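One structure is given below, encoded as structure tokens.
Only a predicted model underlies this, so the values are computations on that prediction, with no experimental measurement involved.
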Amino acid sequence: MGALARALPSILLALLLTSTPEALGANPGLVARITDKGLQYAAQEGLLALQSELLRITLPDFTGDLRIPHVGRGRYEFHSLNIHSCELLHSALRPVPGQGLSLSISDSSIRVQGRWKVRKSFFKLQGSFDVSVKGISISVNLLLGSESSGRPTVTASSCSSDIADVEVDMSGDLGWLLNLFHNQIESKFQKVLESRICEMIQKSVSSDLQPYLQTLPVTLLAAVMSLPEEHNKMVYFAISDYVFNTASLVYHEEGYLNFSITDDMIPPDSNIRLTTKSFRPFVPRLARLYPNMNLELQGSVPSAPLLNFSPGNLSVDPYMEIDAFVLLPSSSKEPVFRLSVATNVSATLTFNTSKITGFLKPGKVKVELKESKVGLFNAELLEALLNYYILNTFYPKFNDKLAEGFPLPLLKRVQLYDLGLQIHKDFLFLGANVQYMRV
């Protein structure tokens, strides 16, 4: 079951998600579109995966009664059945609006080999057989829905397989006799194969595909996205700014955007130290009131920073407040001043087959004194110093890290190529061709 189970989630998941918007809510924050080119590729890969899986099907033994002329009734048994070869020729894949996905396979054939034996009270005979199964057609409908939590669900709402022709050829001492009952025997083979094929697919959906969908994050609802009419690539993904900004809101509410900095966190070779002596140029009275003491800066974000998408541009306007404390010998903290810091950052993003890379373009940092308990504070000098440090040290190091890139959250054995990224108002639009890396 493994090959089919791995291929279906990886190749068809995007189609499942986009073919049934009701399962995702009225306006999902992530929308996927699969084109005819993508459908054809997915059908082809699904066909190869199913063909590989059929070769591993375990067929059950089956028995029956037969009447042997001049001998009486006997009992036959077919055992050690295995699929020797399998050829699936044609497949078609299409979305079913409001439901999910329909996969059909036709004009296919299977060859089965095994052993037979016949028993009568006073004798037992045995031999081998070959079964040629032709005109196989398979039809599967996958129904997509969602739980109350918003997580997607999938079920095989229907599965049918049909076999047009079965021919059994038996060798051995009584092979000629068993051939006289080929209609009865071929009918049993047909029923066994038809039920086994759908049983395999049903189990793959419930045991592999459905648990896989349960690992996906809950879909967020966002503003309606008007997607460009492009169909040159296999798949397209639109990601709303609502997705990113909801994550920012969560981080803000959980306090992850707050920070605290002490002198021991500053690189040893830095010219700026978090000490009262180092801050003398900005706050002259600070070093006199609290000589040779360390400072602690506590930063907080009053509101979550929101990412802005506009045609060809991505930007964010972070704003934070910084409270400074003197660390007294008694281990207590004495508040001394409060600053507000605001800036603007724009970014460019690029994608390759496995990574996302970026580059930040900083705007000017603006520093404003909100409160001082130690007298005069030269905010302009601190602002100039911060801008110099950020422009010449912080951003170059950060951009070096962004240039290394971060892995794309791809499904197993799926590789994207010919990627194209567009930034539209309120959403990112990514197009790509897909290659499934077979084992």
Distance (rounded to the nearest 0.5 Å) between Ser300 OG and His252 NE2
8.0 Å
Does any N or O in the side chain of Glu194 come within less than 3.5 Å of the main-chain N or O of Ile163, such that one atom is a donor and the other an acceptor?
yes
For the pair Ser109 (side chain) and Lys134 (backbone), establish whether a donor and an acceptor sit closer than 3.5 Å, ignoring hydrogens and angles.
no
From Leu421 CG over to Ile239 CD1, what is the distance, rounded to the nearest 0.5 angstrom?
9.0 Å
According to the interplanar angle, ranging from 0 to 90°, do the rings of Tyr251 and Tyr256 count as parallel (below 30°), tilted (30 to 60°) or perpendicular (above 60°)?
perpendicular
Does a side chain donor of either Asn141 or Ser157 reach within less than 3.5 Å of an acceptor in the other side chain?
no
Would you say the side chain of Lys364 lies within less than 4.5 Å of the side chain of Asn387, judging by non-hydrogen atoms?
yes
Within a strict 4.5 Å, meaning less than it, do heavy atoms of the Arg115 and Ser128 side chains meet?
yes
Evaluate the salt bridge (charged side-chain N to carboxylate O under 4.0 Å, His left out) criterion for residues Lys370 and Glu321: first the C-alpha distance (whole Å), next the side-chain angles of each, then the deciding distance (0.1 Å), finally the verdict.
CA-CA 9 Å; Lys370 306 295 288 187; Glu321 292 183 349; 5.3 Å; no
Do Lys37 and Lys233 come within less than 4.5 Å of each other through their side chains, counting heavy atoms only?
no
Side-chain (Asn433) to main-chain (Met234) donor-acceptor, under 3.5 angstrom:
yes
On the 0 to 90° scale, with breaks at 30° and 60°, tag the His424-Phe427 ring pair as parallel, tilted or perpendicular.
parallel
